[in-house]
Each structure stands twice: as structure tokens, then as C-alpha cells.
Protein chains: 2
Amino acid sequence: MTVQQRATLDDVARLAGVSAKTVSRVFNQRELVGADTVERVLASAKRLRFRPNTLAQGLRRGGKTNTVGFIMGEFGNPFYYKVASGIERELAAQGHRLVVATTDDTSDGEARVADALLSQRIDALLIIPASHDQSYLEGERQLGTPVIAIDRPALNLAADSVVLENRETVHEATRRLLALGHRRIGYICNPADVWSQTERIAGYRAAMAEAGITDTTAWARLEDDRSVRPERLIRALLEQRDAPTAIIAGNNRMTIAALRVMRELGDGHTALLGFDDFDTADVLDVSVITYDPIELGRRAARLALARMGKANGPTKQLVLPSWIVERGSGERAPAEPGR
Amino acid sequence: MTVQQRATLDDVARLAGVSAKTVSRVFNQRELVGADTVERVLASAKRLRFRPNTLAQGLRRGGKTNTVGFIMGEFGNPFYYKVASGIERELAAQGHRLVVATTDDTSDGEARVADALLSQRIDALLIIPASHDQSYLEGERQLGTPVIAIDRPALNLAADSVVLENRETVHEATRRLLALGHRRIGYICNPADVWSQTERIAGYRAAMAEAGITDTTAWARLEDDRSVRPERLIRALLEQRDAPTAIIAGNNRMTIAALRVMRELGDGHTALLGFDDFDTADVLDVSVITYDPIELGRRAARLALARMGKANGPTKQLVLPSWIVERGSGERAPAEPGR
DNA sequence: GTCGGCAATGTCAACGATGGACATTGCGCG
DNA sequence: CGCGCAATGTCCATCGTTGACATTGCCGAC
């Protein structure tokens, strides 16, 4: 098995009887080359299976790799994959590629992974911030690599971001539950110390306060320890005295855990509303707050592309809509009228 | 805003008061350099935010980029994300990175995307074959880029592959349904013209034949046209005369579609068994054939790493186990005894 | 006929890191 | 005192491609 050598510009040039530069021209600005020459070069290139070496190109062109990095945390949530998909599509349309890295959800991991990506000379960095400080990216940003935060703003770093209408939609959702007669409304999430959750919680609290309920400590289960199983949190909440008659689940995992626990307890009356949609939500009649994760990725990618190369204007924050989808579980009235 | 220049080896060398060569030594074979010098160099590098230029390194070192490409089709199936996750973890552990690309599930896209990845000079290519011919990769393979097929063997290309025990497990599953008294057992999938499905179908047919049922045309709905909605297929099957008393769904999407349709029809008696597990399968009591997608990715990545650089031995096919998880829906006996 | 001008193509260096082949220090030790 | 070795430096080539600039040759205008 002869391991052939990969063909280079020179090889193609030699075969076509021209100079390397001309071959290079053919592959870039074709208009400067004679039609017959173009043809001859392309034929040679094809015969040799020539492929321009992106490394050399990138080096010569001053570090542009046409590659964008994306750092995401938890692999558990399908939401992130859809975001990645959106990013990938938008980038592909512009001739860029996506490198994905994951952080194992440790803040240490985040910096480490970012470092690995950056030494790849990516043209932009998209990140779902997991740690509580992204200042370690400041240097790189000053060197001209755009950083775009997704789902949450970056902390201690001037980066563009794309986020959701967390507060508003949860506010509205809580209001609807109140209108149904619910008073003991629970909010449950883990981790609770990320921006998206604090926003949602703020919406929840504001609506409760409007209804005169200022103390929600009995029903808000805000856990930060990621090792605590969601099922445990929910079971504790549902089994307590004065259990809530309605629950808002802060994300996908919480919602599914809630379904699991309610089923175990034979609980068919507690109203349930989850943030994030999921595949079988319609089959299970689960009302959710939803949004378009693909669009989230797309917009983030678009922001990155816009930043690339251009002078740096002020930091932008893009807010995408989220909305309520009623499927039954969130429209149940309390069994006993709210006291 | 001063856009600083990125630091190079020379910059670091100048600041540390040593030669570029020494800096290079520090970053590669540290043992040849004095401890204090190492320290001084590292300090300078840190101050200048120096990062060895991977492009230049890769170029110099002959195209090694420490990057592996992964091409996957349909974004709809969460299965692929888990596979990607497995790949990413295994690669990360070995200091490699993952570039992900998607094909929009068109066979044309597959070649185009592969081309884009390959010009990136990836060290290996992992692919879930979507088209019916991967011979276009033959040239690249001969140039030394390992190609590993995931979930399905590559067609017209000598590539390693990692696949599942499709045939055996579906065979066993069908046998169990038969043992419960089912005779009219349906198998439904789309697309049906991919290897993994033909294997599963073969297992199904073999078990049926063992029970003396050689004609399964009335219950096997094998659709190839990807634009046909799964719900339509299933509804047609369930509403026909002599509808099956049990259904095996060929993948995730089919299973969920079946649940949706059965719900609409108020059908609570038809036995259902799905290939691929999903998040809420336990809540919905859905019996499935499952496997470990992360392990699938891991093993594929490991195969790729093993091939990289090494001389090419014979093509390997790795078969990973799949197994049945009983949750209720697949253990229902037929309403009327099989006639 | 000659020269300006332009289209087509070639030459050469440089991008940043690394490796080979040495040369040069300086220190410890026999 | 000089040998040997560790630590470092010099210099140049190299990876594949492209930018800056040079060259060639032909056409048309004067």
C-alpha cells in the first residue's frame, strides 16, 4: 500500500505547467487568469485530488481559520444541541465551521476548554457561560476574537449576548396560575444561581407579590448543588404540609423529574408548567414555556459573524421571545379553592 | 481602542531575554532547559498572553491538527448528540478536538460537508453514513485519514465501523411479543433503506418466520420517503382492517409518533416497543430497545485514535450490545387471543 | 514603428513555529 | 587544568499558501 503524499500547490502547478501562484489565483480570484489556464489547472488539481491546505492559508492570511468555537455545559439538556444546530447552520451558510467543546459543567473546565479552543485560533467564541466569571476571556477579546454569550450574559466581560424573555414570560405564566385560583405556587430549579434562573425567579416573585404573596420561601425550591437529584427536591416539595397546588419547573430536567414524581405519588391534580419544551410534552399534556433554540443559535452566530473583523461597537444584548404553550397540565385549577 | 498584536515566539523570547529556540524548547521538551529559564519564559509567555500558533505548528508538523471531524445527519434525533458527546469526551481525554458538521440529511450534502472538513486537515473522520455510497472518501483514506463509520457500515469504502446488535435484539423482541400471543405484529420505520433498519427488519422477519408467519407485508410499514410524516404511517397502520396488535417502532421519532397517534385514537391496548430510549419513556411506560450512545461515540473515537498514524491493518467492525427494557407498553398481551 | 497600457503570469519573501546541525558558554570534577 | 556535559544560542531550511512586486507579450493609438 503506497501511502501517497498529499498534493500541494506546487504539484498541481508542475502538472499544469504553470507557476504555483497561478494555481493559487485559480482557487481564489479566478477572473485574473486565462480561461484555458483555469481549465488546465482545475483538471490537474482534480487528478491529484488537490485540496488547499487550510492551515497554510490560515497562517498566511494572518490567523483567520474560518472556524468558530462553541462551548456548552451540561450534555443532558437537548436544548443545547438544538442551539448548536442553529449555530452550525448559520455558520455553514457563510462558509464557516463549528468546533464544539463541552465543559463537564465545572467552572474550571470552562477556562481549560476555552484555552484549548483559543489556541486553535478560532475566529469567534460562542459560549453558554457556566462559571461565575468570564474575565479570563478579556485578553482574548482585546486581541480581536469576538465573544458571544448565549442564554446568559457573560460575567465581568464585555461580550454580546443573546438571551430569552425569561422574566416576562414567567411573570405572565405565574399570573395565569394565580388567575386560575392558585395561591400556593411553587418554583423549582437546580442550579438556581445562573442568570437565566434568577431572571425567571424574579418574574415569578413579582407576579406573586402583585397578588399579595410576598413570602414564597415555602414553595420556592432553589437548589444550587448540582449533585442533588431533581426528583428529591420535587418529592420533598409535594409531600410537605401546605404543598403547592401548582408548580413551575425551571427547566427541562425539572419538568420531567416532576412528571416522574407526580406519577409515583399518583398526583394528577397539581398544575405543572415547565420552562423548555420537549419531544413528548404534547403526548403528556404538559404545558410549557417555549422558545426557538435553533433561532437562538442562529442569532448568536450572526452576531459573531457581524463582529468578525469589524471595529468594535458597543456591546449588544439580543432578547428573543419565549411564550406559553397550553396543553392542559398548566391550566388545572386548584382542587380546593385557594384559601 | 488599541488592537494589540498577538504575541509570537519571538516576542516572548525578547521579553524573557532568551532565544526563540529556547522558548520553543520550553513549550515542547522542557527537560532540556534550566528550571529558572523555564520559569522566566513561562512568566513572559503569560504576560504576553502567548499561545503557540496551532496553524504554524500544524503546518510545520506535517498536517497534524489534533482535530477529528464528525459528520452527522438528522438533527432531530437526540441519539446523535449523545454519540457526539461520547466522541468529544474520549477525544478530549487524549488531547484532541472535535469538529462537528451536519448534512441536512441529503446525500449531496454529505460529500460537500466532508470536503469542507477534509480541507481543514482533520486527523480522522467519523461519520454516520447517510448516502448510499461513501466511495468519495476512498482517496482521502488512502492519503492516511482514518474513516470510522458509526451506527452503519460505510458503503463502498473500507472503513472501520461501530454498530449495534440490531438484528439480534429485534429478533428477541419479536419473539417475546409472539410468546405473549401476538400474531399480527407491525414494524414501522422511515427511512427504511439504511443498514441499521434493514438489519432490524431482518431480525423481525426471522422471528415471524419462526412462528410460521412468512408474509408480513400487511404490517410492515417501511417507508423510504423522508418527507412522509411518521404520524401518517402509523395512523394508516392502526386504522386498517386486521390492524396489528403490537407494533415495533424502528426509531425514536417513530415511537413518539406512535404514542401521539395512539393517544388520539384512544388506543390503549396495542403493544408498543420502540428502538432507542428517550427521556420520558419511563414516565410513559414505554418499553424500548436501548443501548449506550455515549459508549458508541467513545468506541468510535477510540478506533479513530488507534488508526491515527499507525499502519493500516484489516478493517474492523465493532458490535455493541443493545437490550430490551420492559416498562409495560411492550408486555401487553393481545386483546383477543391471536387467531 | 513605437510606446503606453493592460491582461496574464512569474519571482520572492513572509506568515510562525520547529528541527537539524552545530557553536558557544560555564560549571563540576577527576 | 582540561574534559565532558548541560544549557543555550545561531543559522537556515521547511511546512503550503499568498501578498507585493516584477515581468512578459500583445493590442491599439499616435
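Any value given below was found using the heavy atoms of this structure, including those in side chains, with hydrogens, waters and symmetry copies removed. We name chains A, B, ... by the order of the sequence lines, and we start the count at 1 in each one.
Helix-axis bend for the helix from C/dG1-D/dC30 to C/dG30-D/dC1: the local axis fitted to the five terminal pairs at one end deviates from that at the other end by 50°, rounded to 10°.
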B/S/- along nucleotides 5-18 of chain C (protein heavy atoms under 4.0 Å) is ---SBBB-BBBBBB
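In the model, B/Ser135 has a side-chain atom that pairs as donor or acceptor with a side-chain atom of B/Asp133 under 3.5 Å.
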Salt bridge (charged side-chain N to carboxylate O under 4.0 Å, His left out) between B/Glu295 and B/Lys82: does it pass, once the steps are laid out?
CA-CA 9 Å; B/Glu295 184 66 13; B/Lys82 301 220 171 124; over 6 Å; no
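A search for side chain to side chain donor-acceptor pair (under 3.5 Å) contacts involving B/Thr65 returns B/Asp123, not counting sequence neighbours. For B/Leu15, the side chain to side chain contact (heavy atoms under 4.5 Å, CB included) criterion is met by B/Ser44, B/Arg47, B/Leu48, not counting sequence neighbours.
Aromatic ring pairs are classed by plane angle as parallel below 30°, tilted from 30° to 60° and perpendicular above 60°; the pair B/Tyr81 and A/Tyr81 is parallel.
Judged as a ring pair (Phe, Tyr, Trp, His ring centres under 6.0 Å), not a single pair has a partner in residues 137-162 of chain B (not counting sequence neighbours). Applying the ring pair (Phe, Tyr, Trp, His ring centres under 6.0 Å) rule to pairs touching residues 5-25 of chain A yields nothing, sequence neighbours excluded.
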